[in-house]
Chemist: 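What follows is a single structure, and I will ask about it in a moment.
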2 protein chains.
Amino acid sequence: MDMRASTDDQAEDGVSRIERLCIERGLKMTGQRRLIARVLSDSVDHPDVEELYRRASALDQRISIATVYRTVRLLEEKGILERRDFGGGRARFDPADRGHHHHLIDVDSGRVIEFADTEHEALARAIAARLGFDLVDHRLELFGRRFADDAAAKTPARRARRGSA
Amino acid sequence: MDMRASTDDQAEDGVSRIERLCIERGLKMTGQRRLIARVLSDSVDHPDVEELYRRASALDQRISIATVYRTVRLLEEKGILERRDFGGGRARFDPADRGHHHHLIDVDSGRVIEFADTEHEALARAIAARLGFDLVDHRLELFGRRFADDAAAKTPARRARRGSA
DNA sequence: GTAATTGCAAAGGCTTTGCGGGCAT
DNA sequence: ATGCCCGCAAAGCCTTTGCAATTAC
């Protein structure tokens, strides 16, 4: 079992949401890139490279992990993916078209929950201005523990090797 | 030249601020640990392991980088240091006794500016509660660019290899 | 047809660790 | 005295990269 949902994001022509973005940016679409684009479009979480490789391999074995590394880097440079670090020493990836949002990390399970940026944009901008800076970007990360009354569905966390707190 | 200030934090008996914390926690104080404690006490920035090693070696060459790695890990476990990740693939360290604060990273120079947590604590706690979590920790990072009118003293940034944005 | 992409395996960067000798308590 | 700590060097983990073969345009 795995956690991703089949969000059925590709249109009837079979072109996934992320693939469309790749085409818009003029990327040469190989079978491997199409495959990664599909996996990303179908993901609702924040997979790392190994997980992307695992999901892609399950659909078509003719892909190597080196290509996954090269592709996520390419998509990051093109602004299609954002690289995240939630601790654990591995980069995790987040499609940029989901809009600006932040993350709450469940410290017990490692699970990541997204939430929208509402009142923070202005506050962050004000703080930066007070320090003499124009705000270019900001990130807010919360680390939390489920309320005791609904502590169901816990997954044993894989402890971070060199992540930050 | 380097950026750290000689904050002269050790008392007249020569015991540095961080060393005092180590003793309080019952750590065995070797020459190397004392040295690292002194370097940390004298630092006002967020050095990485290599930088700590460089500063320590300058004071006494009888220390290896392995010991620096082992010591920062130990101090982190004891709650004396906090591990940070500002991108760039290397961990950076922050004495915990400076109190809860956040960071603004100058995207042009890589320099890090601390600022106090004032209005955020409550807001972060409220967001977590809305999602069904007790807040354990939170971090806010701003990425900014100096106002054009005082763009002096810029340092060429070392670009991150695999940092997050 | 041609430049870009891929797979493989080797290398790179940061960090941890096994081991024998040394040191603080 | 003895259990922890150190330096050294090797290994580990994640990621990048050189090269020859393949592929998209």
Side-chain angles (χ1 to χ4, degrees), chain A residues 15 19 22-37 39 46-54 56-57 59-78 81 83-93 110 158-165, chain B residues 15 19 22-37 39 46-54 56-57 59-78 81 83-93 158-164:
Chain A
V15 176
E19 179 177 353
C22 292
I23 294 170
E24 282 174 16
R25 315 272 153 109
L27 295 184
K28 186 183 288 191
M29 290 313 294
T30 67
Q32 288 88 340
R33 286 183 184 172
R34 224 182 307 276
L35 183 56
I36 295 171
V39 167
H46 304 78
D48 58 28
V49 164
E50 202 170 295
E51 181 61 27
L52 288 174
Y53 175 58
R54 196 175 303 129
S57 293
L59 299 179
D60 186 338
Q61 291 209 297
R62 293 171 306 181
I63 189 169
S64 77
I65 196 161
T67 296
V68 180
Y69 273 107
R70 277 192 274 238
T71 303
V72 293
R73 173 163 282 263
L74 176 69
L75 297 193
E76 185 192 0
E77 284 163 4
K78 293 298 184 183
L81 279 186
R83 181 182 302 256
R84 303 281 179 198
D85 173 22
F86 300 136
R90 294 191 290 285
R92 298 172 66 170
F93 295 89
R158 174 166 52 175
R159 282 309 298 146
R161 189 171 54 87
R162 59 177 199 206
S164 9
Chain B
V15 176
E19 180 177 355
C22 292
I23 294 170
E24 280 173 18
R25 310 281 210 275
L27 295 184
K28 185 184 287 190
M29 292 312 294
T30 68
Q32 289 88 339
R33 286 183 183 172
R34 226 182 306 275
L35 183 56
I36 295 171
V39 167
H46 305 77
D48 58 28
V49 165
E50 201 170 297
E51 181 63 26
L52 288 174
Y53 175 58
R54 197 174 303 128
S57 293
L59 299 179
D60 187 337
Q61 289 208 297
R62 293 170 307 179
I63 189 170
S64 78
I65 197 161
T67 295
V68 180
Y69 272 108
R70 277 192 275 238
T71 303
V72 293
R73 173 163 282 263
L74 177 68
L75 298 194
E76 185 192 0
E77 284 162 5
K78 293 298 183 182
L81 279 186
R83 182 183 300 255
R84 303 282 178 196
D85 173 22
F86 299 137
R90 293 190 291 285
R92 299 173 65 171
F93 295 89
R158 173 166 52 173
R159 284 309 299 143
R161 190 170 56 86
R162 59 178 198 205
S164 11

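Fair warning: this is a prediction, and the values are worked out from it, not measured in the lab. First the proteins, then the strands, lettered A, B, ... as listed; each starts at 1.
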Chemist: Which heavy-atom pair separates A:Asp48 from A:Ala91 by the least distance, and what is that distance?
Modeler: CB-O, 3.2 Å
Chemist: Restricting to side-chain contact (heavy atoms from CB on, under 4.5 Å), what partner residues turn up for A:Glu24, sequence neighbours left out?
Modeler: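 Residues passing side-chain contact (heavy atoms from CB on, under 4.5 Å) with A:Glu24: A:Arg20, A:Leu21.
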Chemist: Could you check, using the six-membered ring where one of them is a Trp, whether B:Phe93 and B:His46 have ring centers closer than 6.0 angstrom?
Modeler: no
Chemist: Measure CD/B:Glu50 against P/C:dT16 and give the value in whole Å, please.
Modeler: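 Atom-to-atom, B:Glu50 to C:dT16, this comes out as 14 Å.
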Chemist: How close or far is atom P of D:dC14 from atom CZ of A:Arg84, stated in whole angstroms?
Modeler: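 My rounded result for the distance is 21 Å.
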Chemist: side-chain hydrogen bond (donor to acceptor under 3.5 Å, both in side chains) with B:Arg62: which residues, sequence neighbours excluded?
Modeler: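 For B:Arg62 the side-chain hydrogen bond (donor to acceptor under 3.5 Å, both in side chains) partners, ignoring immediate neighbours, are B:Asp60.
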Chemist: Starting at CD of B:Glu51 and ending at C1' of C:dG13, how long is that distance when rounded to a whole Å?
Modeler: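 Result: 17 Å.
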Chemist: Closest to the B:Tyr69 side chain: D:dC6, C:dT15, D:dT15?
Modeler: C:dT15
Chemist: Is B:Ile63 touching bases, backbone alone, or none of the nucleic acid, heavy atoms closer than 4.0 Å?
Modeler: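 Answer is sugar-phosphate: B:Ile63 comes under 4.0 Å of backbone atoms only.
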Chemist: In whole Å, what is the span from the CZ atom of A:Arg73 to the P atom of D:dC14?
Modeler: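 Going from CZ in A:Arg73 over to P in D:dC14 covers 17 Å.
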Chemist: Whole Å only: how far is the OH atom of B:Tyr53 from the C1' atom of C:dC14?
Modeler: 15 Å
Chemist: Between C:dT15, C:dG7, D:dA9, spot the one nearest the side chain of A:Ser64, thanks.
Modeler: C:dG7
Chemist: Is it true that B:Glu51 and B:Arg54 have a side-chain N and a carboxylate O under 4.0 angstrom from each other?
Modeler: yes
Chemist: Applying side-chain contact (heavy atoms from CB on, under 4.5 Å), can you list everything that pairs with B:Tyr69, at least two apart in sequence or on another chain?
Modeler: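 Residues passing side-chain contact (heavy atoms from CB on, under 4.5 Å) with B:Tyr69: B:Val49, B:Ile65.
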Chemist: Main chain of A:Arg83, side chain of A:Arg92: is a donor-acceptor contact present, judged purely on distance under 3.5 Å?
Modeler: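 Side chain of A:Arg92 to backbone of A:Arg83: no pair is present.
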Chemist: Just how far, in rounded Å, is P of C:dC8 from CD1 of A:Ile65?
Modeler: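 Computing the A:Ile65:CD1 to C:dC8:P distance gives 12 Å.
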Chemist: What does the inter-axis angle of the helix from C:dG1-D:dC25 to C:dT25-D:dA1 come out as, five pairs per end, nearest 10 degrees?
Modeler: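 Computed angle between terminal axes is 40°.
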Chemist: Any side-chain N or O of A:Arg33 below 4.0 angstrom from OP1/OP2 of C:dT5?
Modeler: yes
Chemist: Please evaluate residues A:Leu75 and A:Arg33 with respect to the criterion side-chain contact (heavy atoms from CB on, under 4.5 Å), reporting the C-alpha separation (whole Å), side-chain torsions for both, the decisive distance (0.1 Å), and the verdict.
Modeler: CA-CA 10 Å; A:Leu75 297 193; A:Arg33 286 183 184 172; over 6 Å; no
Chemist: Counting side-chain heavy atoms from CB outward, which of C:dT6, D:dT16, D:dA9 is closest to A:Arg83?
Modeler: D:dT16
Chemist: Under the side-chain contact (heavy atoms from CB on, under 4.5 Å) rule, collect the residues that match up with B:Arg34, sequence neighbours excluded.
Modeler: B:Glu19, B:Met29
Chemist: What does nucleotides 19-25 of chain C look like as a protein-contact string, B for base, S for sugar-phosphate only, - for none, at under 4.0 angstrom between heavy atoms?
Modeler: -----SS
Chemist: Looking at C:dC14, D:dT15, C:dT6, which one has an atom nearest to any side-chain atom of B:Arg90?
Modeler: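 Nucleotide nearest to B:Arg90's side chain: C:dC14.
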Chemist: In whole Å, what is the span from the CZ atom of A:Arg62 to the C1' atom of C:dG7?
Modeler: 13 Å
Chemist: Expressed in angstrom and rounded to an integer, what is the separation of A:Gln61 atom CD from C:dC8 atom P?
Modeler: 11 Å
